[in-house]
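Please read all numbers here as calculations on a predicted model, not as lab measurements.
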There are 2 protein chains.
Amino acid sequence: MATRTAAQRRAEARAAYDAYLATCPARQLLDRISDKWVSLVLNALADGPLRYRDLERIIAGVSQKMLTQTLRALERDGLLSRTVTPAVPARVDYELTPLGRSLLPVMAAIKAWAETHIEEVRTARTDYDRGVAAELPAPRP
Amino acid sequence: MATRTAAQRRAEARAAYDAYLATCPARQLLDRISDKWVSLVLNALADGPLRYRDLERIIAGVSQKMLTQTLRALERDGLLSRTVTPAVPARVDYELTPLGRSLLPVMAAIKAWAETHIEEVRTARTDYDRGVAAELPAPRP
DNA sequence: CCGCATCCCACAAGATACTG
DNA sequence: CAGTATCTTGTGGGATGCGG
């Protein structure tokens, strides 16, 4: 029969929505800055250019793989520049581009909201967790 | 010997850094809004309260699991309220709290930056990809 | 209508080892 | 120093079916 199943219809809706989201600028930006390492790199480079090794040291827990991957992604998006100075050993500096710098105020806005409201959020969480716990009365031994 | 291996030192650094990040307000906020569905739910509820079914319909590609999971997380953080109207069938409304509403300007700032600079990013990407392609000259058969 | 429990897999990311 | 290459593992998220 011509009628599609519910699963099929959902799959179609998903495909269409994914396509839409792929073109949504805000979505793309969120995908970038939401990355754990991206925000840390941006923050580290806010004060000036740094070498690969310095980034690795400052962002204490990052693996080589993730650091390189992150730097490549940001370079590709034009948010930072990569400068190779041929020497032995080689030297590579990373620096925010003007485009990258223009993103810092946005990050600052996020930070500001977070710091202003974090207490409310924490309170809400403990309240919520208490409420949930209350619905499951502790078994009396 | 007392000397720790490089792997051990890195593991410790990671643990310490993870602990630090877990307490960083900005990091926590990013973890929330970076979620694909969170931003969509926030956006959908910006104009007023909606029922579960309506959200499912508006956010076309979402699975039940993710929608429920997302709504619970936002409720727990005090960003939206969940109101159950006992009836048959049951009716549940979701609505942004004042705290949730206060987040909308931040989302708007992200959106604004994205829409303003998306073209630069797109240009940077194609330039970068062309450059990479140029470094790997097509194999002459 | 609203939601939870279960199974399952694809993919992200860490560990490790090796090069220019 | 600044990466690349390969392997392995953890987990986010989809599909499905049941319960209030």
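- For Q69(A), taking side-chain heavy atoms from C-beta onward, the closest of the listed nucleotides dA13(C), dG14(C), dG14(D) is dA13(C).
- Distance check: I33(B) CD1 to L74(B) CG gives 11.0 Å after rounding to the nearest 0.5 Å.
- Spacing between atom CD of Q64(A) and atom C1' of dC7(D) amounts to 16 Å, rounded to whole angstrom units.
- Inter-residue side-chain proximity for S102(A) and W113(B) is flagged as met; some heavy-atom pair is nearer than 4.5 Å.
- Rounded to an integer number of Å, the gap from D54(A) CG to dC1(D) P is 10 Å.
- A46(A) approaches L104(A) most closely through the heavy-atom pair CB-CD1, 4.1 Å.
- DNA chain D is contacted by both A90(B) and W37(B); W37(B) maps to the nucleotide lying nearer its 5′ end (nearest heavy atom per residue).
- Listed pair R82(A) / dG3(D) meets the phosphate criterion, a side-chain N or O lying under 4.0 Å from OP1 or OP2.
- In this structure, R72(B) does not reach the dC2(C) phosphate: none of its side-chain N or O atoms is under 4.0 Å from OP1 or OP2.
- Between Y52(A) and dT4(D) there is no side-chain polar atom (N or O) within less than 4.0 angstrom of OP1 or OP2.
- Residue R53(A) places none of its side-chain N or O atoms closer than 4.0 Å to OP1 or OP2 of dG3(D).
- Distance D35(A) CG to dG14(C) C1': 14 Å, rounded to the nearest Å.
- Surrounding CZ of R122(B) are more than 12 heavy atoms belonging to other residues, nucleotides or ligands, all under 6.0 Å away.
- Atom pair L50(A):CG and dA2(D):P shows a separation of 11 Å (rounding to whole Å applied).
- Note: NZ (K65(A)) to C1' (dC7(D)) measures 10 Å, nearest angstrom.
- Summarising the geometry, the separation between NZ on K36(B) and C1' on dG13(D) is reported as 10 Å, rounded to the nearest angstrom.
- Between M66(B) atom CE and dA5(C) atom P there is a gap of 15 Å when expressed in whole angstrom units.
- A salt bridge does not link R125(A) to D129(A): none of the charged side-chain nitrogens sits closer than 4.0 Å to a carboxylate oxygen.
- Between R51(A) and the phosphate of dC1(D), there is no side-chain N or O to OP1/OP2 separation shorter than 4.0 Å.
- If you measure from atom CG of L67(B) to atom C1' of dC4(C), you get 14 Å, rounded to the nearest angstrom.
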